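One structure is given below, encoded as structure tokens.
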Amino acid sequence: MPELPEVETVARGLRMVLPGRRIVSVRLGKTDFIDDPAAIERELPGSRIAAVQRFGKFLLIELERGNNGGGAKFSLQVHLGMTGQIVTCRPEARVAPHTHVFFALDDGRELRYTDARRFGRMRILANGERESVLGEQGLDPLEMSEAEFRSKISARRARIKALFLDQHVLRGVGNIYTDESLWRTRIHPKRLGANLKKDELRRLYRMVRAILQEAIRLGGSTVSDYVDAEGEPGEFQLRHRVYMREGKKCFRCGTAIRRAIVAGRSSYFCPRCQPAPRHTNRKKSSRSR
DNA sequence: CTTACGGCCTGGGTGC
DNA sequence: TGCACCCAGGCCGTAA
């Protein structure tokens, strides 16, 4: 599942080969994950790739229109969803199943998008749309200050798990890195943001950043489909301490790791290291009044 | 307004 | 061999 480290790894890989290339032609398969397929077919051929950026879990391929020099700028925004893969290869390379987008490049190579579930998204972002679309996103975990992080979290009474998954709070963090960060800081996923102690927030701040950076260094986590821009899997899954370890022993205390649905997502935690909050869902108290 | 939750999209894996 | 079911992330509608 591509989260920040995976998308960052893909972006770095693409950055090695794409900038300066021109898109010669576009071929599309299924298009139900593309906002406006006709616009892709119309706008991209002849455009030049200026840069590749990551913004949260979004990949932004910065483009300039065909006219030589000074063409209008726009972006191709790609979200990999759960199973999205974007790789460059030679055009004669075997086409993986569920490959739906082919960009022929002017160096004879091909950029392909493969996505079995098609939970990914692809759209053209006009220069003027950038701010409104990207401006709604939360803090970049690698750039935020501790003070920004603490004020953002402690202002909320939602569960810390929900806050971490909310891209309007932190951009780029998903299920894996949330559970890993909470286990390592011994914080239960159902704790409310506003109830976290200053020291807990400090540890969480440091931990999520350290984990994301280590995961980037290891090329991300490959749990099922994720591969980088060269088609290679990541290695951070070997460092996972709780994610997908239901029933296995906690690396710290040996207690069986539990799985519970929190914020609508599978959440893995150690019931001993990460004590549950007192009353999560206050029901109408039968006593009093 | 904030939060919680269920449903929807698709298809690979699992278990009977 | 078949097949029903679960589940993944993001988004949206609804309810409290």
Side-chain angles (χ1 to χ4, degrees), chain A residues 1-8 10 28-35 37 54-60 77-86 96-101 113-123 125 132-134 136-138 141 151-181 188-196 212 215 220-227 233-234 237 240 242-247 258-268 276-277 279-285:
Chain A
M1 283 121 261
E3 304 179 22
L4 189 152
E6 291 76 30
V7 181
E8 177 64 26
V10 171
L28 302 179
K30 291 186 181 178
T31 58
D32 56 356
F33 61 97
I34 303 176
D35 266 27
R54 177 190 62 77
F55 195 92
K57 297 182 191 174
F58 292 116
L59 215 47
L60 295 171
Q77 182 192 72
V78 180
H79 194 295
L80 299 174
M82 283 180 55
T83 54
Q85 305 177 339
I86 187 161
H98 309 294
T99 301
H100 298 299
V101 179
Y113 179 73
T114 303
D115 190 347
R117 303 284 155 82
R118 304 201 302 285
F119 282 10
R121 285 289 172 267
M122 200 175 281
R123 71 187 295 199
L125 210 54
S132 61
V133 172
L134 301 181
E136 301 170 345
Q137 296 273 307
S151 69
K152 194 107 184 176
I153 299 297
S154 55
R156 302 285 299 271
R157 293 197 54 76
R159 295 160 174 175
I160 187 64
K161 171 88 182 191
L163 294 174
F164 263 46
L165 293 181
D166 185 345
Q167 300 300 297
H168 303 293
V169 176
L170 298 183
R171 63 173 120 106
V173 180
N175 211 25
I176 295 173
Y177 298 101
T178 297
D179 282 7
E180 292 297 319
S181 299
H188 192 282
K190 286 189 178 178
R191 297 279 304 281
L192 304 187
N195 289 351
L196 294 176
L212 291 172
S221 303
T222 295
V223 175
S224 55
D225 299 70
Y226 166 74
V227 293
Q237 67 280 5
H240 290 178
V242 268
Y243 185 72
M244 292 279 279
R245 296 196 66 249
E246 182 179 18
R258 294 253 299 270
R259 181 175 80 98
I261 303 297
V262 183
R265 291 285 167 257
S266 277
S267 301
Y268 301 88
H279 11 78
T280 50
N281 243 349
R282 109 175 45 137
K283 285 187 177 168
K284 235 176 279 175
S285 172

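A note on names: the letters A, B, ... follow the listed sequences, proteins ahead of strands, and every chain is numbered from 1. It should be emphasised that the depicted structure is a prediction, and the values quoted were computed from it without experimental measurement.
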Atom [atom1] of [X] and atom [atom2] of [N]: how far apart are they, to the nearest Å?
| X | N | atom1 | atom2 | answer |
| --- | --- | --- | --- | --- |
| I261(A) | dG6(B) | CD1 | P | 10 Å |
| I160(A) | dT3(B) | CD1 | C1' | 15 Å |
| R157(A) | dA16(C) | CZ | P | 21 Å |
| D179(A) | dA8(C) | CG | P | 11 Å |
| K30(A) | dC9(B) | NZ | P | 14 Å |
| D166(A) | dG9(C) | CG | P | 15 Å |
| L170(A) | dG10(C) | CG | P | 13 Å |
| L192(A) | dT3(B) | CG | P | 9 Å |

Could I get a table of every N or O pair under 3.5 Å where one atom is in the protein and the other is in nucleotides 12-16 of chain B?
{"from": "dG12(B)", "atom 1": "OP1", "to": "H98(A)", "atom 2": "NE2", "distance (Å)": "2.7"}
{"from": "dG12(B)", "atom 1": "O4'", "to": "R117(A)", "atom 2": "NH2", "distance (Å)": "2.8"}

#### Entry: Donor-acceptor contact below 3.5 Å, side chain H100(A) vs main chain K30(A)
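Present.
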
### Query
Hey, does the side chain of Q137(A) reach the backbone of F55(A) with a donor-acceptor pair shorter than 3.5 angstrom?
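Not confirmed, Q137(A) side chain does not pair with F55(A) backbone.
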
### Task
Examine the base of dG9(C) for any acceptor or donor lying under 3.5 Å from a partner atom in the side chain of R265(A), and report the outcome as yes or no.
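Per atom types, the contact qualifies.
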
### Task
Report yes or no: is the ring centroid of F119(A) under 5.5 Å from the six-membered base ring centroid of dG9(C), with the two planes under 30 degrees?
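Yes, the aromatic ring of F119(A) stacks with the base.
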
[X] side chain near [N] phosphate (N/O to OP1/OP2, under 4.0 Å):
| X | N | result |
| --- | --- | --- |
| R259(A) | dC7(C) | yes |
| R118(A) | dG11(B) | yes |
| K57(A) | dG10(C) | yes |
| H79(A) | dG9(C) | no |
| R121(A) | dG10(C) | no |

### Query
Should the ring pair Y243(A) and Y268(A) be called parallel, tilted or perpendicular, given that the plane angle runs from 0 to 90° and is split at 30 and 60?
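Aromatic pair Y243(A)/Y268(A) classed perpendicular.
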
### Query
Does atom CZ of R123(A) have more than 12 heavy-atom neighbours, drawn from other residues, nucleotides or ligands, at distances under 6.0 Å?
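Enclosed.
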
### Query
Which part of the nucleic acid, if any, lies within contact of T83(A), taking any heavy atom under 4.0 Å across all strands shown: a base, the sugar-phosphate backbone alone, or nothing?
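The answer is nothing, as T83(A) stays clear of every strand by at least 4.0 Å.
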
### Message
Run E3(A) and Y226(A) through side chain to side chain donor-acceptor pair (under 3.5 Å) and show every step you take.
### Response
CA-CA 10 Å; E3(A) 304 179 22; Y226(A) 166 74; over 6 Å; no

### Message
Applying side chain to side chain donor-acceptor pair (under 3.5 Å) to R117(A) and T83(A), what does each step give before you reach the verdict?
### Response
CA-CA 6 Å; R117(A) 303 284 155 82; T83(A) 54; 5.4 Å; no

### Query
From the list dC7(C), dT2(B), dC5(B), which nucleotide is the closest neighbour of the side chain of R159(A)?
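Comparing dC7(C), dT2(B), dC5(B) against the side chain of R159(A), the answer is dC5(B).
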
### Query
Step by step, would you call R118(A) with D32(A) a salt bridge (charged side-chain N to carboxylate O under 4.0 Å, His left out)?
CA-CA 8 Å; R118(A) 304 201 302 285; D32(A) 56 356; 2.8 Å; yes

